[in-house]
Colleague: 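Have a look at this one.
All ligand and atom numbering here is 1-based and tracks the order in the structure. Predicted, not measured: the structure shown is a model, and the values here were computed from it.
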Amino acid sequence: MSGYRWVLSVLAVGSLLLLGPGLSAQQSRPDDEIIKLVDDVYLYRHQFHQAIFITTPKGVIVTDPISSDAATWLKAKIKTLTDQPVRYVIYSHHHDDHITGGSVFADQATFISHAAAREKILHAADPKTPVPDLTFTDRMSIDLGGKHVELIYTGKNHSDNSLVVLLPQDKLLFAVDFIPVETVAYRTMQSDYPDDWIESLKRIEQLDFETLVPGHGKIGKKEHVRQFRGYLEDLRSAVEEQVRKGASMEEAKKAVHLSKYEQWQRYADWFPENVEGMYRYLSQQRKDNR
Ligand SMILES: [Zn+2]
């Protein structure tokens, strides 16, 4: 063995230790990764999507399965961490890009969503997608193997059925598609409820947590919730000024800039679309109020 190869194998052992036992050391799928957040709470990422799972001595709690492929991989990975079965799968909201793949866990798990998601999930893109067994409207908790998990609905935002997963012991919150961290909203915001969205963020700000795990992008802190609410409020007032002046959508898209957020991710490509989404919402509201 050459000295060069020896150096390489020492490096390999080093990274194995860093990754910890049973994790992505022998990873052959760059699109997927598992990151330990705290003791028994893990983030799993598949391409651009991510979610969390929690291991307990009485079973595992999984959130969005993401896709059949991702969920199959995840199920195998969970087996390397614990002998316990997946007892619960929690859907963050009804969108297919987050809930597909749940059938992988259907033999053992109870599926949970917000009540308003259930009807929509009946018509999911993949007909194999398990329909929620349990739903709630305001708040629900799960106690499993000493772990306390709160599911909370804070009103309409990105959808009309987005729940958040709060882990009080870990002061961690998982929230999907409506609190991006230092990133503008997705494209035209894909929301019929920007005003409710702002109110929903105020309710999130009242919750007790420190770490914010979104469904896409970087992990943040509670402070990022207030920052993103500030962004939506600033966007709303800048676009409202254009609507009041009678500007067309194209004029508004040219006129509105929020330099405070220029450094945020996707500002260059998605910000004009955020303006478009807000413009459509506010001009519709104006028509309705006439
Ligand atoms: Zn969504």
Colleague: For distances below 2.8 Å, what is the count of protein N, O or S atoms around the Zn ion (ligand 1)?
Modeller: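 With waters ignored, the protein N/O/S count below 2.8 Å is 4.
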Colleague: Are Gln285 and Tyr281 linked by a side-chain donor-acceptor pair shorter than 3.5 Å?
Modeller: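 Their side chains do contain a donor-acceptor pair, which is all the 3.5 Å distance test asks for.
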Colleague: By the definition side-chain contact (heavy atoms from CB on, under 4.5 Å), identify the one residue from Lys202, Glu199, His224 that meets it with Arg229.
Modeller: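 When side-chain contact (heavy atoms from CB on, under 4.5 Å) is applied between Arg229 and each of Lys202, Glu199, His224, only Lys202 qualifies.
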Colleague: With Glu276 as reference, evaluate Lys254, Arg187, Lys253 under the salt bridge (charged side-chain N to carboxylate O under 4.0 Å, His left out) test and give the passing residue.
Modeller: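 Result for salt bridge (charged side-chain N to carboxylate O under 4.0 Å, His left out) with Glu276: Lys253.
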Colleague: Could you tell me if Asp177 and His93 have a donor-acceptor pair between their side chains, going purely by distance under 3.5 Å?
Modeller: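 Distance-only check passes for His93 and Asp177.
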Colleague: Quick one: do Arg244 and Glu241 make a salt bridge, cutoff under 4.0 Å?
Modeller: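 A salt bridge is absent here (no side-chain N lies under 4.0 Å from a carboxylate O).
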Colleague: Under 4.5 Å between side-chain heavy atoms, counting indirect links through other Ile/Leu/Val/Met/Phe/Trp/Tyr residues: same cluster for Leu173 and Leu37 or not?
Modeller: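 Hydrophobic grouping puts Leu173 apart from Leu37.
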